[in-house]
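What follows is a single structure, written as structure tokens, with notes after it.
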Amino acid sequence: MHDKLMEESFRWYGPGDPVPLAFIRQAGATAVFTALHEIPYGEPWPRAAIRARLDLLAGHGLRWTAVESVPVHEDLKTGRGDLRKLLDNYARTLAHLGAEGVRTVIYNFMPVLDWIRTDLDHELPDGSRCLLYNPAHFAAFELFALQRPGAAADYTARQRAAAKKFWDAMTAADRDRFTRGIIDVFPGCKLGLTVGDIRARLAPYAGMDAGGLRKNFIRFLEAVCPAAERAGVRLAVHPDDPPFPVLGLPRIVSRAADLDALFQAVDSPANGLCFCTGSLGANPDNDLPQMVNQYAARIHAAHLRSTRRLADGAFFEADHLAGGVDMPAVVRALLDEQDRRRRAGRADWRLAFRPDHGHVMMDDLQKDLTGANPGYTCIGRMRGLAELRGLMHGLRYPADGGKILRS
Ligand code: DNO
């Protein structure tokens, strides 16, 4: 690995991932972000299973730089059920990970659904395919598939009309595929959820506002941060994706004020952030280079990708160095933070990043992608990794003093 660069990682979904570890090595990554996806949400991760996964990775010359994710059970977000047991299980998992030397744990606190897109197959002018979120299409899901009471009030008349037109134009099979693309893309596992399951998951949130959800989040942090500290593990919350409320639910990890509230409430060194430029960047109010500087010491992992916003509030995933994210400025700020850690003598000074998502392109367009994880085919991410690697080299060793990249 080049001196002073960030650690190049690739997401890997475990032995069932159609992208094999050998490809990840060939892409040039030295590490993975991965999880024991086979363990149900809320259950503790046995130490032996963690060790076996580490051995498997080591056999391919790869390190496990970040766990993505140890999922937070829905009961911890709604504040119902056997919370003690769930918190104990989470703490045990952290202890086991720390004991095996896996020291960064990514998680999220998004209610009901993880990341959401309305089109997993949006064709770009060059023929590659990307992920896209269109609020009018999400309105169609809410109004006609989920039929959520009160949903209509969350959309403008124009969005509702667009939603109806979109829904009416689809066949039953299209509607089914569209709906499953929203509700059944939990990372690394097919939960097989139905629209009825989503309604049941929404019910316990009735009447919960941002303050209520934040209270539950803080209870979680207060319980698990001390366990993380004991284990030598740093927790990295993944921002909401998209970074605004959906499904009539609060979202509380979308902007700087949200992060301030969490870090002030539980001021533990274990309470940190996974800096996801794609998620945060979809909100035009977020100034990303400034946020890296503001939360520098709290950033324990990074996801690098960019989005392009469209006029009607939709956004799609652009190439890693295109779109609305000022990637050179973000990477510059991350490298600066790495330098600070190194100067401070921290043994774990190196920051790990992964290229987040990638386009389906080239040979991947010809493949049967059943079983592939949307956003996580190999070639598009390899392009992203290569571009980001080049950017980092350019920032570190700029022949012209960095003027071009910094201008
Ligand atoms: C989507 C991912 C998210 C992320 C989790 C972290 O591609 O970035 O699913 O892994 O939200 O807990």
Side-chain angles (χ1 to χ4, degrees), residues 9-14 17 19 32-37 39 41-42 45 64-74 76-77 90 93-94 97 104-121 130-133 181-191 193 217 220-221 224 233-244 246 249 251-254 258 262 271-282 299-307 315-318 320 325 352-360 372-378 380-381 384-385:
S9 313
F10 226 63
R11 189 175 202 173
W12 184 61
Y13 283 104
D17 193 325
V19 179
V32 296
F33 286 19
T34 193
L36 302 184
H37 290 288
I39 299 183
Y41 288 21
W45 292 14
W64 189 354
T65 34
V67 178
E68 179 166 1
S69 305
V70 178
V72 177
H73 192 277
E74 279 293 295
L76 290 169
K77 301 178 203 164
Y90 208 95
T93 298
L94 297 180
L97 286 165
T104 302
V105 170
I106 298 167
Y107 69 102
N108 73 76
F109 216 81
M110 289 179 256
V112 178
L113 292 177
D114 195 297
W115 62 286
I116 302 173
R117 296 290 181 274
T118 55
D119 189 350
L120 304 178
D121 228 7
C130 73
L131 309 180
L132 175 143
Y133 180 85
I182 291 175
I183 65 179
D184 205 13
V185 288
F186 283 82
C189 55
K190 282 268 168 253
L191 296 179
L193 297 181
F217 194 172
F220 168 75
L221 288 170
V224 300
V233 164
R234 293 174 194 272
L235 294 165
V237 67
H238 187 279
D240 302 327
D241 185 1
F244 43 77
V246 284
L249 297 170
R251 295 269 225 184
I252 54 167
V253 196
S254 297
D258 296 335
L262 298 173
N271 184 11
L273 172 66
C274 171
F275 199 84
C276 177
T277 54
S279 305
L280 292 168
I299 296 174
H300 302 324
H303 288 172
L304 302 179
R305 74 176 157 86
S306 189
T307 55
F315 62 84
F316 67 89
E317 302 193 353
H320 289 76
V325 172
F353 80 96
R354 64 172 180 82
D356 196 14
H357 302 176
H359 296 171
V360 180
N373 297 286
Y376 291 93
T377 45
C378 188
R381 284 188 296 151
L385 180 62

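In each ligand, atom 1 is the first atom listed, and ligand 1 is the first ligand listed. Not measured: the values here are computed from a predicted model. Values below: every heavy atom of this structure, side chains too, minus hydrogens, waters and symmetry copies.
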for atom 3 (C) of ligand 1, nearest protein heavy atom and its distance come out as Asp114 OD1, 3.4 Å

Atoms of ligand 1 under 4.0 Å from any heavy atom of Tyr376, numbered from 1 in the order shown, are 1 (C), 2 (C), 7 (O), 8 (O)

Students often mix this up, so state it plainly: with edges at 30° and 60°, are the rings of Tyr107 and Tyr90 parallel, tilted or perpendicular? perpendicular

Under a 3.5 Å threshold, yes or no: a donor from one side chain and an acceptor from the other, between His238 and Glu68?
no

protein heavy-atom neighbour closest to atom 10 (O) of ligand 1 works out as Glu68 OE2, 2.5 Å

For Ser254 and Phe244, the nearest pair of non-hydrogen atoms, with its separation, is OG-N, 3.8 Å

With heavy atoms and a 4.0 Å threshold, my read on which part of Tyr107 contacts ligand 1 is backbone

- List the steps, then state whether side-chain contact (heavy atoms from CB on, under 4.5 Å) holds for Leu132 with Thr118. CA-CA 6 Å; Leu132 175 143; Thr118 55; 4.0 Å; yes

Near His357 (heavy-atom distance under 4.0 Å), the atoms of ligand 1 are 1 (C), 7 (O)

Exercise for the section: Report yes if some N/O of Asp356 lies less than 3.5 Å from some N/O of ligand 1; otherwise report no. Expected result: no

Close approach of Phe186 to ligand 1, heavy atoms, under 4.0 angstrom: no

Sequence neighbours excluded, the answer for ring pair (Phe, Tyr, Trp, His ring centres under 6.0 Å) partners of His357 is Trp115, Tyr376

ask   = Has Pro187 got any heavy atom lying under 4.0 angstrom from an atom of ligand 1?
value = yes

Looking only at non-hydrogen atoms, the one of Met110, Arg305, Arg11, Glu317 nearest atom 2 (C) of ligand 1 is Arg11

Trace of the side-chain contact (heavy atoms from CB on, under 4.5 Å) decision for Arg11 with Asp356
CA-CA 8 Å; Arg11 189 175 202 173; Asp356 196 14; 5.7 Å; no

- Please lay out, stage by stage, how Phe353 and Leu385 fare under the test side-chain contact (heavy atoms from CB on, under 4.5 Å). CA-CA 10 Å; Phe353 80 96; Leu385 180 62; 3.8 Å; yes

The protein heavy atom nearest to atom 8 (O) of ligand 1 is His238 NE2, 3.4 Å

Ranked by distance from atom 12 (O) of ligand 1, the top protein heavy atom is Ser69 OG, 2.6 Å

Taking only non-hydrogen atoms of Asn108 and a 4.0 Å limit, the atoms of ligand 1 in range are 5 (C), 6 (C), 11 (O), 12 (O)

Applying side chain to side chain donor-acceptor pair (under 3.5 Å) to Thr377 and not counting sequence neighbours gives none

